[in-house]
Structure formats: structure tokens, C-alpha cells
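Take a look at the structure set out below.
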Amino acid sequence: MEDSKIIELYQNRDENAIRETDCKYGAYSRSISYNIIDSHEDAEECVNDSYLSVWNTIPPEKPNSLKAYLGRIVRNVSLSRFRKNHARKRDRGADVLFSELKDCIPAENDVEKALDRIMLGELISNWLDTETEENRCLFVRRYWYGEPYAELNNTFHISEKLLMNRLYQMRIRLKKYLEGKGVSV
């Protein structure tokens with residue numbers, strides 16, 4: 001079913017909207033969530049919570065892309081669950097992603113003082129526009145969707161060591177870009 005038809009089901013408060021969303025984007029949603037929280041049970045709960053959130057926000061929202069809208073919600077719900085589950089302990093999963101970006105992205109409390117999140121997101125998007133299409137895809141798939149190096153290796157046919165090096169070089173360029181825009185890292 002096309003996204004516009006699924007969105008129309010949400011607009012009409014038809015419960016089939018959730019079923020159709022899961023049929024079309026269930027695997028996609030679970031993959032995003034699992035990459036962040038590294039637990040199939042928690043990922044399933046996060047996806048279900050995300051469907052409820054989509055149900056509660058459409059209407060009044062009418063997203064242009066249901067996939068992107070759902071992906072953002074799944075990511076945010078999963079990150080919240082990750083933080084809740086790991087508030088007092090260190091673990092793999094999203095912690096690895098955050099640790100890779102810590103040297104080029106300001107700490108959360110610094111961002112709130114110096115720059116709101118929207119502006120930082122816009123700056124990162126502008127920086128991504130300066131990168132090659134492959135680098136943009138690689139960066140987004142690693143740091144937005146949380147894909148592990150093994151999956152990126154299979155997709156991009158680049159060795160893990162080369163992937164790690166390329167992402168490291170990109171983080172250095174991002175840090176320089178943000179510092180040049182007045183963001184203290």
C-alpha cells in the first residue's frame with residue numbers, strides 16, 4: 001500500500017493503518033530500534049510505542065514521507081529507552097555511536113547554552129551537503145540509523161578498517177566545520 005493511502009487511514013482513524021504500517025515498515029523500524037538498543041524484545045516494544053505515537057500524531061500531522069516520519073519517531077523512542085535502560089551503567093549499542101561522535105559534536109548541555117538543537121541539525125545537514133553522496137549515506141546510516149560496521153561493509157563493499165578510517169576523517173571535517181561556524185566542541 002502506498003504511503004498516501006496509509007496516511008489517509010490514519011487521518012480516518014482506521015486501525016488498519018497500524019497493520020499496514022507494520023507490513024510495509026515493520027522490518028525497517030525494528031532494524032533502527034535494534035541497532036540502537038541491541039535487544040530484540042526492547043526493539044519490538046519501541047516499535048509498538050512508535051506506532052502508538054504515529055497514531056496519536058496523525059492527525060494533525062500529515063507527513064510528506066511516512067518512512068522518514070516513522071524512522072524519526074522509532075529512533076527517538078529507542079534512544080529514550082536506551083538512556084532509561086543504561087542510566088547507571090555502560091553498554092554497547094548507542095554508547096558506541098555517541099562515543100564516536102563526542103569529539104566533533106558538542107555535549108548536550110553545551111548545545112542548549114550555545115545553540116538550539118534545530119540549528120545544530122541544520123549545520124550538520126549543510127555540512128553533509130558538502131560530502132559525496134556515498135559519504136552522506138555512510139554517515140547517516142552509521143550515526144542516524146546506527147548500522148553496525150558489518151552491515152555497512154556488506155552494503156558499501158569497503159573493509160571495516162577503511163570504513164572506520166573514512167568515518168573518522170568525516171568526523172574531523174565535521175568538527176572543523178562546526179568550529180568554523182562558531183560551535184564550541
Backbone N/O of Ala27 and side chain of Ser31: donor-acceptor pair under 3.5 Å: no

Worked check of side-chain contact (heavy atoms from CB on, under 4.5 Å) between Tyr51 and Leu70: CA-CA 8 Å; Tyr51 292 159; Leu70 176 62; 4.1 Å; yes

All side chain to side chain donor-acceptor pair (under 3.5 Å) counterparts of Tyr69, not counting sequence neighbours: Thr57

Asn165 side-chain N/O to Lys161 backbone N/O, donor-acceptor pair under 3.5 Å: no

Pairing of Asp22 and Arg30 as salt bridge, 4.0 angstrom limit: yes

Least distance between heavy atoms, Gly71 atom then Ile32 atom: CA-CD1, 3.9 Å

Sidechain-backbone polar pair: Arg142 side chain, Glu147 backbone, donor-acceptor under 3.5 Å: yes

Whether Arg75 side chain and Trp144 backbone form a donor-acceptor pair below 3.5 Å: yes

CA sep, side-chain torsions, deciding dist, call: Asn126, Tyr177, side-chain contact (heavy atoms from CB on, under 4.5 Å): CA-CA 10 Å; Asn126 292 340; Tyr177 178 84; 3.4 Å; yes

Beyond-backbone contact of Val54 with Glu61, side-chain heavy atoms, under 4.5 angstrom: no

Note, Arg19 side chain near Asn16 side chain (heavy atom, < 4.5 Å): yes

Between CG on residue Leu152 and OG on residue Ser159, distance to nearest 0.5 Å: 12.0 Å

For Arg173, all residues meeting side chain to side chain donor-acceptor pair (under 3.5 Å), sequence neighbours excluded: Glu131

Distance in Å, Glu133 CD paired with Leu128 CG, rounded so as to fall on 0.5 Å steps: 12.0 Å

Nearest heavy-atom neighbours spanning Val77 and Cys46: CG1-O, 3.7 Å

Candidate pair Ser78 and Val74, rule side-chain contact (heavy atoms from CB on, under 4.5 Å), full reasoning: CA-CA 6 Å; Ser78 300; Val74 169; 4.0 Å; yes

Ring-face cation of Lys67 near Tyr28 (centre distance under 6.0 Å, axis angle within 45°): yes

Validation row: Trp127, Met170 side chains within 4.5 angstrom (heavy atoms): yes

From CG (Asn153) to CE (Met164), nearest 0.5 Å: 12.0 Å

More than 12 heavy atoms from other groups under 6.0 Å of CG on Asn154: yes

Short N-O contact, Glu134 and Arg166, less than 4.0 angstrom: yes

Trace of the salt bridge (charged side-chain N to carboxylate O under 4.0 Å, His left out) decision for Arg81 with Asp49: CA-CA 11 Å; Arg81 174 70 58 92; Asp49 290 348; 3.5 Å; yes

Reported CG-to-OG distance for the pair Asp42 and Ser33, which is rounded to 0.5 angstrom: 7.5 Å

Interatomic spacing from NZ in Lys5 to CD in Gln11 - rounded to 0.5 Å: 13.0 Å

Residue pair Leu9 / Met1, side-chain heavy-atom distance below 4.5 Å: yes

Step-by-step side chain to side chain donor-acceptor pair (under 3.5 Å) determination, Thr21 to Tyr10: CA-CA 10 Å; Thr21 301; Tyr10 281 108; 2.8 Å; yes

Pairing of Asp3 and Lys24 as salt bridge, 4.0 angstrom limit: yes

Pairing residues for Tyr34 by the ring-ring contact (aromatic ring centres under 6.0 Å, His included) criterion, not counting sequence neighbours: His40

Test item: Thr155 side-chain N/O and Glu151 main-chain N/O as donor-acceptor pair under 3.5 Å: yes

Within one Ile-Leu-Val-Met-Phe-Trp-Tyr cluster: Leu52 and Ile37, side-chain cutoff 4.5 Å: no

Point-to-point distance, once rounded to the nearest 0.5 Å, from OH of Tyr149 to CG of Leu163: 7.5 Å

